[in-house]
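First the structure, in the form of structure tokens, and then the observations on it.
Residue numbers begin at 1 in each chain, while the letters A, B, ... track the order of the sequences.
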Amino acid sequence: MKRTDLGGVLLFVLGAAAILLLPRFVSDFRAQQFAYVGIYFIALLGLNVLTGYTGQISLGHGAFMAIGGYTTAILVSDQGLKLGSHTFSADVKDIWTIPLAGLVAGIAGFLFGFPALRLAGLYLALATFAIAVAMPGVLKYDRFAQFTGGGGGINLFESAARTRPAETTDPITFETISKPIKVLGLEIASFNEWLYYLSWVVALFMLAVAWVLLRGKNGRSFRAVRDSELAAASSGVNLATYKTLAFGISAFYAGVAGSLLAIATTFVNPDTYPITLSIFLLVGVVVGGLGSLWPLVFGAIFIQFLPLWAQEVSKAQGAPAVVYGVILILVMILLPGGAAGLIRRLKTLYKSRLPSRPLSRTSD
Amino acid sequence: MRRPRLVLCLLALAGAIATGATAATSADPGITGKTILIGGTTPLSGTASAYASVARGANAYFKFVNSRGGVNGRTITYKTVDDAYDPAKTVQATRQLVEQDKVFAIFNSLGTEQNVATREYLNSARVPQLFVASGATTFGRDFKQYPWTIGFQPGYRAEGWIYGKYLARTKAGAKIGVLFQNDDYGKDLLAGLKQGIAGSKVKIAAAQSFEATDPDVQSQISKLKASGANVLALFATPRHAIQGYVFANRLGWRPLIINNAVSSASNIMALASEGGTNKAVENSISIVFLKDPTDAKWRNDAAVKLYRSIMSRFAKGANQKDVYHVYGMAVAYEFVRVLKAAGKNPTRVSVMAQTRKLNDPSNPFLLPGLTVKTSATERFPIEQALLQRWSKGSWKSFGGLWGYRAG
Amino acid sequence: MAEFFQQVVAGLATGSIFAALALALVLIHRATGVINFAQGEMAMFTTYIAWTMIENHGMNDWLAFGLTLVIAFGLGLGLQRAVIRPIERAPLLTTVIVTIGLVLIFNGLASLIWGAEVRAFPSPFPNDTWEIGGVAISQQDVGTFLTVLVMVSLLWAFFQFTKIGLALRASALNPDASRLVGVRVGWMLAIGWGLAAMLGAAAGMLTAPTVFLDPNMMQAVLIYAFAAAVLGGIDSPFGAVAGGLMLGVGLNLIGTYVDFVGAGLRLPVALLIILVVLLVKPSGLFGKPVTRRV
């Protein structure tokens, strides 16, 4: 392994340790909020493969998240899949459906990648936008309602019962009615912590996978597609393969994130994956930094927390939106490369302060 | 596994009520000797942002009550969080209110799906889900499964039923064209209408749905006219209900129009009448259960004057003509009553117990004669309404109180 | 048969609204290469300004409309100079995100200043209806339709015959070469934004009488306008209008005659059709294929 790779792995281990220790230092509810950060981080990683690496704009990743979320909900809930008189939900625990949800979404994305090859730039953006806009309508459709629950959506009841806050006491008998959740025999105190660990373990895993997928030749091929399709093609990069693969991979990530979102929210309906979700995912990718990996966590933090902070500034109707918009624009003007751009600049600054040393070969 | 526990709780609760025991402890979060904190979600942004007035009106009323010393010495703080009408955000925001802000109860959260999404969580966490701002039937019907949840406004199904029964009694042979929003709210109204006309000579000629995101409903109105209907039922939120009137007029269609309560406020009817040029509004029928502040009938009414003064003092700049503010005050008034009745040391249990035996004939913001009432078997607090007819620029109620018993 | 024509007429009316906003989208893309998500919200905001002038200051309708167009131009120009120019060198997506920020700001400001309730907006056209062969045709709709035709013609003539129009096209196609011949590219971009904002304001003022004015009025229209613009070819004004009209009529006919398509599926089906069209003609119906130079 190259030296820089070793450095990367070390950073990853340190980062992972910090993440896994975080719940000890923040409140129980904050842990839940950071769990959502983890979920968005996964979706952003995926979107980044598509937009940051191959340059294909997607305004529709919320739709792939919806596919993942609904897959999990259908498999897990009583309203869901039935074969004859046998309900699947009896057999299936929700977290086992996560990879399957990702797979279903990934296949959908991959299939979409084929017609998408014909479209470029704005036209592709519209096509993905169309999917995101159309998805709620399709999910509400009456004929599918027996699967999708129509407009009413699907309640994941078992999961909901688990979401009780940590210190719930029965108000009459005063006994504690929160059952601690057990994972591998170990007791974890609360739903929020459980969700946090679930999201972040999956997120760290997906980050590692992304890193492996995108390093070296593969990563360069993806980026070559973004920078100049003609040049890439003439260098022997199979455009069709990489572009459709990018769609598939990014949709897989979105599906996993959507599935986690369903587990976290314990409720899915067409309005829980609205067009604004797709748009804010794009915001998150750009704020985190296109073409970067771990700095996307800043994008995830941005889209999770800024709406809440904006409400603290003012509750007047419309004011939080103005605050959010202004901050977003300022961030774009000051940091057009996103958080990753800032990190790069800091690194350059740091390096230029060091005493001069022979030029070393830098890798991508 | 869940249900036996709930049954046990109910039995214990019954026992506690029977023995008059109120657990007077400080174990309940959100309540101290001097304050009580309640929270709710509201669509401050997004397509439903017009309904944010509901929370605003309630908040203004609480500030008024606080200015008079509060309830049993406690001031009420009502914290609202924006959920942009997205149920996933509602879940997050509700959990934040319960787990971070540690509210005493969730109050007046708006939206059907939004409250359904959080109902499971709140009930399993034993947090009261009070006076849900939605007319969906499930909130009153499913109280055995969800004893910590209660609604407030008349159900949409009840409303549709009233229209159906009215038509069945007075317009035999009517053919109804229904424009309904393609969600639970529109579908509930339609279901109620069908129930009301069941067994009579009145038929539904056509039903056209639309999405809340559709820019206009011209196509649907045109189809309804083509179906030969002579009654048009508008089961739509204000923007699309107004359009219903506009397009009916443009097509030269003059059916009897039934407009649902959500869209029947006088200022909305005024918009629909297009400055007086649109005659399709004449003789429209709707139900009413609130005092509409733009209705000349209530100009000198004490409650409406109180409403205006509260709005001027505690909700400066808000539009006083917006009837949703009145709804907010009506539900806040009821909460204050419930809180007072729960005694010097209210607990979540005692407050919920009070909501099970509401009997208030004098909520000043509701029509005179309406009683807010619940019982062990009836959990729809408001099930009465008056019919009203729009004539020459204002609503005039007629007939007696209609009551609906969920069937 | 009358029903068919009624639906077509209704579709042309709705389609005109889409076309009006689509024109603004096309203009800004043609002049600056950017897709402005905030076009709809800017249109809504400027319409509110017109409303305020008419309602609160009792201004004459036409005067208010005209003044609003001027204000919109200034707004667009100012926005470009203040907010878009600083990120000229950044990747395209950065600009897209900034326009998303503008969406939030304009929507929020409209709610903040004027509140979220529905309001009426006066139409310059009379509110009467003609009956022709069993089909009701509203004069307002006819007026809107004709106005859109005038708008697209003016726009075409502007690009084709005026020096500024030529300069705008040149700046978008090849900024460097344009600078070499003395075109002030920076100001051209600003003017492009100003003009697009003007078109947007006109679109808003044409839409509001039918759809009624509230802060979320243009959001649905934007989706359809975007689809229409792409369908017609993102750089073709005539394409935008054709796309809008086709979309409006198509939606209505699909909704009426294809049974399993209820209201909820009209938009998805329409979008699907557009996607299919794009697969066959990737630059839209009237767009020129983009040639990529090595």
Side-chain angles (χ1 to χ4, degrees), chain B residues 43-53 179-183 186 207-223 225-227 237-243 246-253 263 265 267-268 270-275 277-278 317-319 321-322 324, chain C residues 2-3 6-7 9-11 13-14 17-18 104 107-108 111-112 114-123 126-131 135-141 207 209-225 248 251-256 262-267:
Chain B
L44 271 180
S45 63
T47 48
S49 54
Y51 300 136
S53 319
L179 177 74
F180 68 101
Q181 190 159 300
N182 190 21
D183 61 12
Q208 286 291 321
S209 71
F210 69 93
E211 297 297 319
T213 51
D214 280 348
D216 69 43
V217 290
Q218 199 168 3
S219 166
Q220 286 91 338
I221 296 290
S222 171
K223 268 182 266 185
K225 179 185 175 206
S227 73
T237 46
R239 166 116 66 85
H240 292 104
I242 295 174
Q243 284 181 14
V246 167
F247 291 122
N249 184 40
R250 284 204 199 158
L251 290 172
W253 190 25
S263 303
N267 55 330
I268 301 191
L271 287 173
S273 73
E274 296 186 83
T277 61
N278 185 340
N319 177 16
K321 292 195 200 162
D322 186 345
Y324 295 141
Chain C
E3 179 53 24
Q6 186 68 67
Q7 291 293 341
V9 165
T14 320
I17 293 178
F18 303 153
L104 292 168
N107 192 288
S111 287
L112 201 54
W114 292 290
E117 70 235 51
V118 182
R119 300 187 198 277
F121 189 83
S123 169
N127 197 7
D128 290 317
T129 310
W130 289 312
E131 271 276 332
V135 177
I137 303 180
S138 146
Q139 290 184 14
Q140 268 186 30
D141 290 340
T207 308
T210 308
V211 168
F212 286 82
L213 183 62
D214 79 11
N216 300 315
M217 160 181 94
M218 294 306 271
Q219 278 168 18
V221 180
L222 181 69
I223 296 173
Y224 290 98
L251 276 173
N252 280 4
L253 292 180
I254 293 174
T256 311
L265 280 188
R266 275 184 354 156
L267 182 54

Check whether B:S45 gets within reach of chain C through its side chain, its backbone, both or neither, counting any heavy atom under 4.5 Å. neither
About how many Å separate CZ of C:F212 and CD of B:E274, when rounded to the nearest 0.5 Å? 5.0 Å
Would you mind reporting whether C:V118 and B:L271 have side-chain heavy atoms less than 4.5 Å apart? yes
Partners meeting ring pair (Phe, Tyr, Trp, His ring centres under 6.0 Å) with B:F247 (sequence neighbours left out): none
Would you mind checking which part of C:D214 comes under 4.5 Å of any heavy atom in chain B, side chain (CB onward), backbone (N, CA, C, O), both or neither? side chain
Heavy-atom distance under 4.5 Å between the side chains of C:Q6 and B:K225, does that happen here? no
Output, in order, the C-alpha distance, side-chain angles, deciding distance and verdict of side chain to side chain contact (heavy atoms under 4.5 Å, CB included) for C:D141 and B:Q218. CA-CA 11 Å; C:D141 290 340; B:Q218 199 168 3; 3.3 Å; yes
What heavy-atom pair brings B:K223 and C:E3 nearest, and what distance separates the two atoms? CG-OE2, 3.9 Å
Check whether any side-chain N or O of B:S222 sits under 3.5 Å from a backbone N or O of C:Q7 as a donor-acceptor pair, and report yes or no. no
Chain C shares the most heavy-atom pairs under 4.5 Å, among B:G46, B:P238, B:G275, with B:G46
Which one of C:I17, C:V9, C:V211 has the most heavy-atom pairs closer than 4.5 Å to chain B? C:V211
Criterion side chain to side chain contact (heavy atoms under 4.5 Å, CB included) on B:R239 and C:N216, from CA distance to verdict: CA-CA 10 Å; B:R239 166 116 66 85; C:N216 300 315; 4.3 Å; yes
Full working for side chain to side chain contact (heavy atoms under 4.5 Å, CB included) between C:Y224 and B:D214: CA-CA 10 Å; C:Y224 290 98; B:D214 280 348; 3.8 Å; yes
Given side chains that start at C-beta, do those of C:L251 and B:S219 come closer than 4.5 Å, heavy atoms only? no
Among C:D128, C:T210, C:V221, which residue forms the greatest number of heavy-atom pairs with chain B at distances under 4.5 Å? C:T210
How long is the gap from CG on B:N267 to CZ on C:R119, to the nearest 0.5 Å? 9.5 Å
Mind listing the closest non-hydrogen atom pair of C:E131 and B:L251 along with its distance? OE2-O, 4.1 Å
